[in-house]
Amino acid sequence: MKNIDSKTHTRGKSIYLDDIPLLQGTLFGAAFGSPIAHGIIRSLNISVAEQMPGVIKVFTAKDVTGENQIGGIIPDEPLLAEHEVDFCGMPVAFVVAQSDDAARAAVKTITIDIEPLPVITDPREAKARGELIVPPRTFSLGNVDTAWQACEYIFEGIAETNGQEHLYIETQGAYVIPQENGALKVYSSTQGPTAVQRASCRVTGLPMHLVEVEVTRLGGGFGGKEDQANTWAALCALAAHRLRKPVKYSLHRMEDMAMTGKRHPYSSDYKIGFDKDLKMVAYEATFYQNAGAAADLSPAIMERTLLHCTNSYFIPNVKATAYSCRTHLPPNTAFRGFGGPQSMFVIESAIAKAADTLGIDSAVIQKKNLIKTGDEFPFGQKAVSEAAECWKKAEQLYEVNSIREGIKDFNSKNQIYKKGLALMPVCFGISFTNTAMNQARSLVHVYFDGSVSVSTGAVEMGQGVNTKILQVAAIVFSIHPDRVKVQTTSTSRIANTSPSAASATADLNGKATYLACTRILERLKKVAAEELGVDENLIELKDEYVFVNNVQSDLDWKKLVNTAHLKRVGISEHANYATPEIYFDKAKEKGHAFSYHVYGTAVTVVTVDCLRGIYEIDAVKVVHDFGTSMNPAIDIGQIEGGIVQGIGWMTMEEIIYDKEGKLRSNALSTYKVPDIYSAPKEISIDFLQSDKDNLAIFRSKAVGEPPFMYGIGTYFALRNAIKAFNPLAHIPFNAPMTPEKTLLALYSNPQPLSKEIKRKDEEAVTSVAIN
Amino acid sequence: MINFILNNNEINTDRPAGSLLLDFIRYNQHLMGTKIGCREGDCGACTVLVGDLENGELQYRSFTSCLTPLGNIHGKHVVTVEGINMDDLNPIQQCMADASATQCGFCTPGFVMSLAGFCLSDQDANQQNAVAAIDGNICRCTGYKSIERAAGKITELMQQKGNQEAVEFVTANNILPGYFASIKERLQKLSLALNGELNQPASTAQFAGGGTDLYVQKPEELKEANVRFLYNKDVLKGIRKTGNKCFVGPSATVTDLQGSEVMRQYFPNFNKQVKLISSTPIRNMATIAGNFINASPIGDFTIFFLALNATLVLSDGNKTRELPLHKLYKGYKTLDKRPEEFIEQIWFELPGKNTFFNFEKVSKRTHLDIASVNTAIQLTVVDGTITEAHLSAGGVGPIPKLLEQTSEFLRGRAVTEEVINDAIDIAQSEISPISDARGTSGYKRLLLGQLIKAHFIALFPHLQVKKLLLSHSS
């Protein structure tokens, strides 16, 4: 089934925040952000702004009627800076005016006098100064300290990944309309309607039942609108609450880029040990997460980093420690993968380092160490693994050995162009790591004309969750999908929602919908049995008809629901789903954190232009563990999109802050995401179908985040291509591999390709093979 | 007053000519299908089509409406996604939906419009051209593969066009609404009614060409400003050959250059090189003179024309004077040009049979990006000796630079690996790159050297590539 929104999308009729028709008298907001990353506010001058034509009011911290606080996990983030500013772009004032232009013109007249304080942008420096968001956490398995002695080879080093701008094409925004009796209706481009509701209530002082948040859809989220939609909604809510006028703020791109957090940059230390057969014996990693100026979701992201520190491998002795380091950057936040990609890059770097030194292909090490069913993750959960299945199928299906031979041949014949190959296995856990968040509700109304309305807490942002939820209802009732409408996400219809995040939205809300529909179905079957005078157990609904003992009756869906209504049988239901089995004990750092894992292997081939230091991605070929996909079209879209976004993170997407904490990559002209020509020339996706039971909706495993990490393979393929040109190239593990880093690596330690080096390589390969 | 046709409606507006088409479409006409993504022409979410009569023929090109002042669409046909909607999905939309080429949907109308532009163009209907039509559209969800598949299906559809005129074909086959068939006539009528060009202020401080740089830099300022639009002036357009000289109208767009017979004949790699420069909609809008006057140290066409040793004719409306392009730049964004002067003509000598030209550009993203370093070279080589040389480089100093000393060094020398390495050394002494978002100064120095090598490797197959690759200037 195609995405149910494709018709309105292609006709330009889908409604996003900035498309909502405005009520008369709507006012427009614009935020004034701190020009300095860290300092004490000496004075703030808004008097010119207040006198500007069309300006209604300039809000500052003192105008907050409730609490000047929007921190979700930790209350450490004021809505408007009061005494101190902690990052460039931190909102200090909010101008509300009669037009968008007037508000922005007034913002430009605001001046602020700040006594500068030292600016930290580096997480290791923050850690050294004791600037931690939360205490560090350590996950361990076995005993690394004794295990090192059993190792034949030990490798150590540093691996670093930069941040990533979400670059949802629709910027952040909110539109708040006052209702009677002091209530507010909030339209927000948010993945977390309840988070927006909570933040709006907190700053206005209103109880939650007076603030309704409604979301139709987002023009992309990727995690960037999980917590960081709160600020704009809360600002508009505050203004609407005070002025009793509708207030809208749709951010300009440069405001959005400057004021919002991104994927966390990480700097990490690794130490990995192998036995003589290259089995991993011990692994130690220390992660320094650049959290930015406030907690936001950083502690949860740090936790997921630890939960994915061994990626798809089993290592008997592990010690992984993570520090969430407070710097003076905008608070970094959720982004597809949520800390997982960062730690996977580290272990892949450790493997590459070992392979480089031993003169072998990383794949030799990767393959030997794939996690098997029954193996234990460092946090105690036992794997139900498809790792080896995906790897082996990828090797065979895509003929990896012949790809390897082809590359060798190509590289020997070409001087300017060199190709590189890398395999990237992925193992990603599904569930919110905060167990309490693994719950969802669904409200299903069957109307007596036979149409069906479904409301859940899921937010549609392109991932196709509404299509999947619609499928659930249509499948359970066995009716035509056209009868079902998935409604907007509203906190009045569905309360206390978890954000649409963690790849788990379709699972949680789909299961809740399944429960609600099933309960209605049971009642309808009873009605049908009464009507037809047969036993309830013989009744089945199929293709819009009631079947008795597999024989179609005259009773169709419309008649059935109408009859049920006339008989005063409830044909609405509100159901609650809570994921079973999962728990986590933070005291022990052990538990069953995930309802299941998603596995996969990507084979990536790249070509580097060694004259110019630029590159193309020839192919990414994947075997992916779908369970049993309930919507292959949507799932393939998630995989292709995830791969390209992951490649962007690993190649051209480079966030640049200067030493003063100012964002230099602050527009689409200076921050580049993949365009159509940077996508791999070929993406192949093979479905690893498994009939193992799992907790996914209809056994269709979550697909949002896992494919993002296939992109990591591109980094290592590029690395291998560079080494084909210059075997002695110095290539620090520092992503993204921009054209600049590529060229500098190609010509680092310049050495002509001597026969000696080749011989050394061959010897090394031989010696390992003998072992 | 600005007059134009918006979809199927005649528009007559007194909105300022300097204000933006995007805002007019969305907030004045409430056509919400055209989306705002970046307001700097870098995402394509606001793509519309602009139809115009060129030599009596109706031609459509894609524009990013975020950088298009109303003044530039005076007398034209503007098409938004609402203007191509039919009762059900049109075949372009259907192909996108069938290929699951839309996820969050925010970029989708832009892609659909660019593909509609492909269907309305007189280009060959092939996959390469279909993809080129969407090279200015950014999608953050799909990874583009599904969009490529949709483009493939649309290409198949268009392959049935044969020799038919595009507008005729798409209306006859219900690919686009029937009213498109009436546009040519309506534009002719509109043009007669308008009796020529937009009434413009007699004197003004601000000239505007295609707007692709100006409206990135100061959109707020220009909204209400007195803007003198040069973009639609027929006398400033056109590319012609007279003797061994090529005359380029300053308001000629990059797309005009691509379509010109002269450029194709004398610069066989032109289209390949141009692919590295911005995107289809920006190339449709950006003028050559605008690129010169913007004076970006990294202006691609400035670098291109510097190596061609181009000459400008500047006019203040009364008097004209000639100025070599490389003399225009006095310092960072400082020009040898009085405010009332504008470029009236650009000319350069066409290369003879012993003259070779190459253009190289490297940026963080190969396409639709600003260069880290760009460079062009024109060499005349007689019997193995370089007799004339012009080497230019951008991104390596405050102005787009003609590397005069390096060029001088090359004159009279043979094309050998040693000479190339020496030339790179001299080039290094002529440049002063700074570290910025496009790269560190060290990288830009290394890169320029590599690109100079690339020029020679591209032009002189006899050179030993390996020897050049492994040689290093410090």
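Just so we're clear, the structure is a prediction, and the values are computed from it rather than from any experiment. Naming: A, B, ... by sequence-line order, numbering from 1 per chain.
The backbone N or O of A/Met652 sits nowhere less than 3.5 Å from a side-chain atom of B/Lys364 that would complete a donor-acceptor pair. Not one N or O on the side chain of B/Glu40 forms a donor-acceptor pair closer than 3.5 Å with the backbone of A/Ala667. Remark: the backbone N or O of A/Leu611 is paired with a side-chain donor or acceptor of B/Gln450 at under 3.5 angstrom.
Both the backbone and the side chain of B/Ala454 come within contact range of chain A, with heavy atoms under 4.5 Å apart. Neither the backbone nor the side chain of B/Phe111 has a heavy atom closer than 4.5 Å to any heavy atom of chain A. Proximity to chain A is limited to the side chain of B/Val112, based on heavy atoms less than 4.5 angstrom apart. Within the 4.5 angstrom heavy-atom criterion, atoms from both the backbone and the side chain of B/Ile36 approach chain A. Both the backbone and the side chain of B/Thr102 come within contact range of chain A, each with at least one heavy atom under 4.5 Å from a heavy atom of that chain. With a 4.5 Å cut-off on non-hydrogen atoms, B/Asp88 touches chain A through its backbone and its side chain both. Looking at A/Asp256, there are no atoms closer than 4.5 Å to chain B (heavy atoms on both sides), in backbone or side chain. When heavy atoms are compared at a cutoff of 4.5 Å, B/Ala132 approaches chain A by way of both its backbone and its side chain. Of the two parts of A/Leu218, only the backbone, made up of N, CA, C and O, holds a non-hydrogen atom closer than 4.5 Å to a non-hydrogen atom of chain B. For chain A, the nearby part of B/Lys275 is the side chain; its heavy atoms alone come within less than 4.5 Å. At a 4.5 Å heavy-atom cutoff, the contact between B/Leu89 and chain A is made by backbone and side-chain atoms alike. With a 4.5 angstrom heavy-atom cutoff, B/Lys223 touches chain A only via side-chain atoms. In this structure, no portion of B/Gln94 lies under 4.5 Å from any heavy atom of chain A. Using a 4.5 Å cut-off between heavy atoms, B/Met113 does not touch chain A at all.
Interface remark: of the candidates B/Gly136, B/Ser372, B/Gly37, B/Gly37 forms the most heavy-atom pairs closer than 4.5 Å to chain A. No other option in A/Glu170, A/Lys741, A/Lys7 has as many heavy-atom pairs under 4.5 Å with chain B as A/Glu170. Comparing A/Ser678, A/Gly613, A/Ser669 by heavy-atom pairs within less than 4.5 Å of chain B, the highest count is held by A/Ser669. Of the residues considered (A/Val673, A/Thr670, A/Asn3), A/Val673 shows the highest number of contacts with chain B, using heavy-atom pairs under 4.5 Å. Chain A forms the most heavy-atom pairs under 4.5 Å with one residue out of B/Lys145, B/Glu220, B/Glu360, and that residue is B/Lys145. If you tally non-hydrogen atom pairs under 4.5 Å between each of B/Cys139, B/Gly143, B/Cys104 and chain A, the highest count goes to B/Cys104. Counting heavy-atom pairs closer than 4.5 Å to chain B, the top residue among A/Gly462, A/Gly648, A/Pro21 is A/Gly462. Counting heavy-atom pairs closer than 4.5 Å to chain A, the top residue among B/Arg39, B/Lys444, B/Gln103, B/Arg26 is B/Gln103. Put simply, of A/Thr742, A/Thr651, A/Val644, A/Ile639, the one with the most heavy-atom pairs under 4.5 Å next to chain B is A/Val644. Chain A forms the most heavy-atom pairs under 4.5 Å with one residue out of B/Asn90, B/Asp98, B/Ile134, and that residue is B/Asp98. Heavy-atom pairs under 4.5 Å with chain A peak, among B/Cys38, B/Ser363, B/Ala45, at B/Cys38. Options A/Glu682, A/His166, A/Lys13 differ in how many heavy-atom pairs under 4.5 Å they form with chain B, and the most are formed by A/His166.
Rounded to the nearest 0.5 angstrom, A/Thr738 OG1 and B/Arg438 CZ are separated by 13.5 Å. A/Glu640 contributes atom CD, which lies 12.5 Å from atom SG of B/Cys141 (distance to the nearest 0.5 angstrom).
Nearest heavy atoms, B/Pro109 versus A/Gly12: CG-CA, 3.9 Å. Pairing each heavy atom of B/Tyr443 with each of A/Leu743, the nearest pair is CE1-CD2, 3.7 Å. What you find for A/Tyr677 and B/Val131 is that their closest heavy atoms are CE2-CG1, 3.8 Å. The minimum heavy-atom distance between B/Val465 and A/Ile416, with the atom names listed, is CG1-CG1, 3.5 Å. Nearest heavy atom pair, residue B/Ala97 against residue A/Thr10, reads N-CG2, 4.3 Å. Contact detail for B/His367 and A/Asp675: the closest heavy-atom pair is CB-OD2, 3.3 Å.
Within the 4.5 Å cutoff, the side chain of A/Pro674 has no heavy atoms near those of the B/Arg365 side chain. For the pair A/Asp100 and B/Tyr27, the minimum side-chain heavy-atom distance is 4.5 Å or more. In this structure, the side chains of B/Asp42 and A/Arg253 stay at 4.5 Å or more apart for every pair of heavy atoms.
Partner of A/Lys672 under the side chain to side chain contact (heavy atoms under 4.5 Å, CB included) criterion, chosen from B/Ile370, B/Thr366, B/Asp369: B/Asp369.
Within a 6.0 Å sphere centred on CZ of B/Arg15, other residues, nucleotides and ligands contribute 12 heavy atoms or fewer. Under a cut-off of 6.0 angstrom, the local environment of NZ in B/Lys153 is sparse, with at most 12 non-hydrogen atoms contributed by other residues, nucleotides or ligands.
Between B/Lys35 and A/Asp18 there is no salt bridge, since no side-chain N of the basic residue sits under 4.0 Å from a carboxylate O of the acidic one.
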Could you walk me through whether B/Arg140 and A/Glu653 pass salt bridge (Lys or Arg N to Asp or Glu O under 4.0 Å), step by step?
CA-CA 13 Å; B/Arg140 193 57 158 162; A/Glu653 296 189 34; 2.6 Å; yes
